[in-house]
Amino acid sequence: MKQFLSEVRPGLRSAAAIIAVALVASACGSGESSGPVSVVVPGTDQWTDTGINLSIDDTVLIEADGEITPASGIPLHGPDGVPDRPSARRYNVEGVEEANHNSLIGRIGEAGAPFQVGSQLRSKADTDGHLFLGFNDIDVGNNSGEVTATITVNP
């Protein structure tokens, strides 16, 4: 590639280098796993777009770590949600009512059905779309903390 770039006029070297790198990256990326990618999920955001686009039957591994709380005065907890507080489930997101309150959840696409993630999930995508992560809490405005999710996708 160095010889190729030396034959290109100086003003076009950058553009040629970018095109060459893009061609190599696209050739190497087909059919291989992507990731891991780390995404910070703030406790105060209902949904965070991970920037990861999934296709049907992609295998996704999500591993999460961090601490959040659904309100002041409630002890910090990890991505598995508030333990031993079934009464808090009345504040859960529709579709994941039985999961621990304020646990890490996900959805595929803007209007996708939410699913439980917790501290670890390995699953196959059942639809196409962007992967979103959030918390099982209908009012995240009084939450604090964050979780870092490490995501690996195998097509």
Indicate the atoms forming the closest heavy-atom contact of [X] with [Y], along with that distance.
| X | Y | value |
| --- | --- | --- |
| T152 | P36 | OG1-CB, 3.5 Å |
| P114 | W47 | CB-CH2, 4.2 Å |
| N53 | G129 | OD1-C, 3.2 Å |
| V140 | G43 | CB-O, 3.5 Å |
| F135 | D45 | CD1-O, 4.3 Å |
| V96 | Q116 | CG1-N, 4.0 Å |

Determine whether [X] and [Y] fall in the same hydrophobic cluster, where Ile, Leu, Val, Met, Phe, Trp and Tyr are linked whenever their side-chain heavy atoms lie under 4.5 Å apart.
| X | Y | value |
| --- | --- | --- |
| I52 | V40 | no |
| L61 | F132 | no |
| V117 | V82 | no |
| I105 | I62 | no |

Residues in side-chain contact (heavy atoms from CB on, under 4.5 Å) with [X], at least two apart?
| X | value |
| --- | --- |
| S119 | P79, D80 |
| D139 | D137, N142 |
| D128 | S55, I56 |
| T69 | I74, L76, S144 |

Salt bridge (Lys or Arg N to Asp or Glu O under 4.0 Å) contacts touching residues 47-58 (sequence neighbours left out): none

Pairwise salt bridge (Lys or Arg N to Asp or Glu O under 4.0 Å) hits with a residue in residues 104-119, at least two apart: R107-E110

Can you measure from [atom1] ([X]) to [atom2] ([Y]) and round to the nearest 0.5 angstrom?
| X | Y | atom1 | atom2 | value |
| --- | --- | --- | --- | --- |
| T150 | Q120 | OG1 | CD | 11.0 Å |
| N92 | H101 | CG | NE2 | 6.5 Å |
| D126 | I108 | CG | CD1 | 5.5 Å |
| L133 | I151 | CG | CD1 | 5.0 Å |
| D65 | E146 | CG | CD | 11.0 Å |
| N102 | R85 | CG | CZ | 10.5 Å |

Enclosure of Y91 OH (heavy-atom neighbours >12, cutoff 6.0 Å): no

Stepwise side-chain contact (heavy atoms from CB on, under 4.5 Å) test for R122 and V60: CA-CA 6 Å; R122 181 183 305 270; V60 182; over 6 Å; no

Qualifying residues under side-chain hydrogen bond (donor to acceptor under 3.5 Å, both in side chains), relative to R89, sequence neighbours excluded: N100

All side-chain hydrogen bond (donor to acceptor under 3.5 Å, both in side chains) counterparts of N136, not counting sequence neighbours: none

Full working for side-chain contact (heavy atoms from CB on, under 4.5 Å) between I68 and N143: CA-CA 7 Å; I68 56 170; N143 289 2; 5.6 Å; no

